[in-house]
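Note sheet for the following structure.
Bear in mind the structure is a predicted one, so any value in this text is a computation, not a measurement.
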Amino acid sequence: MPAERTEIETYDPQVVEAKWRRRWEERRTNATDLHGAERPYYNLMMYPYPSAEGLHVGNVFAFVGADVYGRYRRLQGENVFEPIGFDAFGIHSENYALRVNTHPAELIPRNIARFREQLQRCGLMLDWDHEVSTTDPRYYKWTQWIFLKLFDAGLAVRKKAPVNWCPECKTVLANEQVIDGHCERHPGTVVHQRFLEQWFFKITDYVERLLQNHEWLDWSESTRTMQVNWIGRSEGAELVFETPTGTPITVFTTRPDTIFGATYMVLAPEHPLVRKLTTQEQRQVVHEYQRLAAAMDIVSRRVGEKEKTGVFTGAYARNPATGESIPIWIADYVLMEYGTGAIMAVPGHDARDLEFAHKFDLEVRQVVQPDDPAHEGIGFVGWDGTMINSGQFDGMPCTEAVPAITAWLEQQHAGKKQLQYRLHDWCISRQRYWGPPIPAIYCDDCGVVGVPEQDLPVLLPPLEDFRPDESGVSPLARVEEWYKVPCPTCGKEARRETDVSDTFLDSAWYFLRYPSTEYDDRPFDQELTEKWLPVNSYIGGNEHAVLHLMYSRFISMALHDLGHLPFEEPFARFRAHGTIVKDGAKMSKSRGNVVVPDEYIGKWGADTFRMYLMFLGPYQEGGDFRDEGISGIRRFLDKAWSLVASAEEGRADDHPDANRKLHQTIHGVGTDLEALRYNTAISKLMEYVNVLRAGRDGDAGLPGALLEPLAIMLGPLAPHLAEECWERLGHRTSVFDAPWPAYDEALAQEEQLELVVQVNGKVRGRLRVAPGISQEEAVARALAEEAVQRFTEGRQPRKTIYVPDRLVNLVV
RNA sequence: GCCCGAGUGGUGGAAUGGCAGACACGCGGGACUCAAAAUCCCGUCCCGACAACGGGGUGAGGGUUCGACUCCCUCCUCGGGCACCA
């Protein structure tokens, strides 16, 4: 070590970071040897869609958080694979292209180039050798291949169903893309319902597995709950009400026990039986009502506060429990897309039915007596009640009446137990241009035929005018020379499917592709897939809980069942990070509150910015972005650097306090990083640096043995500076190839600790004691304290509580 | 309406049954400087004027416990999800 270095260089993040970016590239530090790795660890972050605006701090927060974890695992000796790609197909990219009047094929490479540059400046441990872009034919060839596999298996079907149409996007949307009846991309635009034939993936076939696997998946509770709610499983019964027309009406109910109170029925206005049931006299009003309901958009139809409307069909059905004839109405508060589109109305025990019954003067009958006398009988909806006015079931508790009445009705062929889900099949058709063409061909003779695998990819043709229109079909339907093809089966002239698939199909399998990008003859290599998947750690935002994360699970399950994957759940561990908001609101361009990372990184450096984002608050909670405290992080890194830059020869043993703190820090930082508690990991590193500074002997430097672990522990959070420190401490290889410092519990042990002395639960004193003293000794020493005696006033303790090495409580 | 999560100094937050406010920002004071910035040192929950010391204090109210920010009950506020879902 140079003995006389009076001036130590100051820390210049721009110089340090440029140096290490270059060095990492030259040394291929972040490239993972996928074939040779001994301890594979797949660390995944949600790939971005390359918007023209570039990365915002929310993206950086997400990526850095995942990167910190990946770097930590690498320091644990694992071969961490941290790939990235771009979700470049889809409406978001296309809408932007339309707005700036430039072709997306031209725009996307530009945006991607900018994203790459920004990502590289963040100091992420990304392996760029495996970059994917969903718009690359070498990628979407296999997106189309997945469609074909599902089509062959009967999991991709064409069916006519009510679908969500965004008049702004001019395409249908999946249920998951509709938020409160509005398009997720156009919050001001109300989604219309259209009855169209579309391609659906039968995700509902997998609903029970999607639900049940959550029992063993290691996922954030918040994400799990969102998926469970979205799936919306209800247990109940399907009940059959005979009608004079001979066609019975089937209803779903979660309360079959209340059937004796069903005094009328309601069908959704578009229910197919309405036409058959309506009497001559009522035809006029029923038609008028149906017309009005059909003209309404989802939002005006679904608002809960709206007054109930409806009309009588003139027809009656037979209540299978009472044998009574009850009137059949139609009303828009019954939705065609849930259950059977028809209900038995029990106004006595359902708030909506009661409101309707009052308005139209229908009979209200109480059939449940609440156990709690404080509750009203009419209008009671809970489970704590007893049957009344229900024939032989009177006196039975509701919970017992459910199976009893269901079984009784089943004997009469009037009902059976039934499960109902809110989840619908996934509509993947999009009447847009910027996506992978759905690889299907329509032949007049052969019907729907899949494109033969050897003809993949079906290339998206370059289109000058790719503007969507009102026609309900894709712009590709305007290109005759593209869609006119011979039928692959019979050779007769046929027609390509002109819709493209949903972007969420692209993203439902990108993580399967990453390890296998070197192969063009298979979507994912069996050997590499077995070695690297399922993903070990996936960190991302809950905005994808019911979209990407649900779809990816479904696609993996389907491919597993078809023999293409050795596992059915793609993400062994998922952690939801929090959301970074600005002034209490989600960042969005329309609000004008988007914070871009570039100037912060330019001013403070990536390390400071990374660490600052992680220090903001608990990673899994997120918070409001403000830059008030960023200088504190920079000051910390300056201090850490100057300690390293003035290191001298010496032994850790010569600094017992610092050495003890070191081992406490190794332990604490390790467990915090593992649990994604980045904010407290950082504060522990700060404490360590504070102790190191306080324990210095004048200007004398500290030994490497105390500073090398600091460099390593800084690695996940401030990777560039960590490398610089590591190099300065005399190492030639990357700090990320060093092992995480060993924790020695004995060295972390305090020689003396403070025992809190309480009298009647109030702190009255503290004792300096050696660890592990006995209860007797602790109590005796506590009683000898003058301050304690003041409060015990000579009384002997009735009871003493001793928490070893922490506290003594004397109860007098 | 239902289901999650959260409410702690001037601010971000820490402590998940045992010293409330770690760590950091900000602020006040001091050192260095002609001066400023940077840096360093001291202080910083509230009340009893200061110290010693005492009292109060984690959204509100109740409870369990020797002891509650932490567990239980009721309520309020904020954020998120679902929602005429039968």
Is any side-chain heavy atom of A:Leu549 closer than 4.5 Å to one of A:Met46? yes

Quick one, A:Val581 and A:Phe625 - any side-chain contact, counting heavy atoms below 4.5 Å? no

Taking only the side-chain heavy atoms of [X] (C-beta and beyond), determine which of [options] contains the nearest atom.
| X | options | result |
| --- | --- | --- |
| A:Tyr338 | B:A86, B:A14, B:G12 | B:A86 |
| A:Ser631 | B:G81, B:G26, B:C82 | B:G26 |
| A:Leu335 | B:C66, B:C85, B:C23 | B:C85 |
| A:Thr225 | B:C4, B:C40, B:A14 | B:C4 |
| A:Asn809 | B:C25, B:G67, B:A20 | B:G67 |
| A:Lys639 | B:A86, B:C23, B:C40 | B:C40 |
| A:Arg764 | B:A24, B:A14, B:G55 | B:G55 |

Taking only N and O in the side chain of [X], is any of them less than 4.0 Å away from OP1 or OP2 of [N]?
| X | N | answer |
| --- | --- | --- |
| A:Arg352 | B:C85 | yes |
| A:Arg696 | B:C40 | no |
| A:Asn690 | B:A22 | no |
| A:Arg255 | B:A86 | no |
| A:Arg635 | B:U39 | yes |
| A:Thr680 | B:C23 | no |

Touch check for [X], heavy atoms < 4.0 angstrom, all strands: base, sugar-phosphate only, or nothing?
| X | value |
| --- | --- |
| A:Arg626 | sugar-phosphate |
| A:Glu221 | nothing |
| A:Gln420 | nothing |
| A:Arg677 | nothing |
| A:Arg693 | sugar-phosphate |
| A:Phe791 | sugar-phosphate |
| A:Val756 | base |
| A:Arg422 | base |
| A:Lys762 | sugar-phosphate |
| A:Phe636 | nothing |
| A:Leu616 | sugar-phosphate |
| A:Ser234 | sugar-phosphate |

Measure from the side-chain N and O atoms of A:Tyr551 to the backbone N and O of A:Val546, and report whether any donor-acceptor pair falls under 3.5 Å. no

List the atom of A:Pro618, the atom of A:Asn679, and the distance in Å for their closest heavy-atom pair. N-ND2, 3.5 Å

Which heavy atom of A:Pro347 sits nearest a heavy atom of A:Glu363, and at what distance? CG-O, 3.3 Å

With both distances under 3.5 Å as the test, what is the Watson-Crick or G-U wobble partner of [N]?
| N | value |
| --- | --- |
| B:U33 | none |
| B:G17 | none |
| B:C23 | B:G12 |
| B:G79 | B:C4 |
| B:U74 | B:A60 |
| B:C53 | B:G48 |

Anti or syn - B:G9, cut at 90° from 0: syn

Side-chain H-bond candidate by donor/acceptor type, A:Glu776 with A:Tyr802, under 3.5 Å: no

Does any donor atom in the side chain of A:His214 or A:Gln227 lie under 3.5 Å from an acceptor atom in the other side chain? yes

Please report, rounded to the nearest Å, how far the [atom2] atom of [N] is from the [atom1] atom of [X].
| X | N | atom1 | atom2 | answer |
| --- | --- | --- | --- | --- |
| A:Phe241 | B:A86 | CZ | C1' | 12 Å |
| A:Trp230 | B:C85 | CH2 | C1' | 12 Å |
| A:Arg798 | B:U65 | CZ | P | 13 Å |
| A:Tyr619 | B:A6 | OH | C1' | 19 Å |
| A:Met614 | B:A24 | CE | P | 19 Å |
| A:Glu628 | B:G13 | CD | P | 11 Å |
| A:Tyr333 | B:A86 | OH | P | 13 Å |
| A:His424 | B:C85 | NE2 | P | 14 Å |

Separation of the [atom1] atoms in [N] and [M], to the nearest angstrom:
| N | M | atom1 | result |
| --- | --- | --- | --- |
| B:G7 | B:A14 | P | 9 Å |
| B:A86 | B:G80 | C1' | 26 Å |
| B:G67 | B:G79 | P | 37 Å |
| B:A24 | B:C41 | P | 11 Å |
| B:A49 | B:A60 | P | 27 Å |
| B:G17 | B:A68 | P | 14 Å |
| B:A22 | B:U8 | P | 16 Å |
| B:G10 | B:C32 | C1' | 29 Å |

Does the ring of A:Tyr333 carry A:Arg352 above it, NZ/CZ under 6.0 angstrom from centre and within 45° of its axis? no

Does NZ or CZ of A:Lys308 fall inside the cone over A:Phe356's six-membered ring, less than 6.0 Å from its centre and within 45° of the axis? no

Tell me which of A:Lys799 and A:Gly339 sits closer to the 5' end of RNA chain B, going by the nucleotide each one is nearest to. A:Lys799

Name the residue closer to the 5' end of RNA chain B, choosing between A:Glu754 and A:Asp624 according to the nucleotide with the nearest heavy atom. A:Asp624

On the side chain of [X], is there an atom forming a donor-acceptor pair with the base of [N] - under 3.5 Å, no angle test?
| X | N | value |
| --- | --- | --- |
| A:Lys308 | B:C84 | yes |
| A:Asn229 | B:C82 | no |
| A:Glu621 | B:G5 | no |

Over 60° means perpendicular and under 30° means parallel, so classify the ring planes of A:Tyr11 and A:Trp641, tilted if in between. tilted

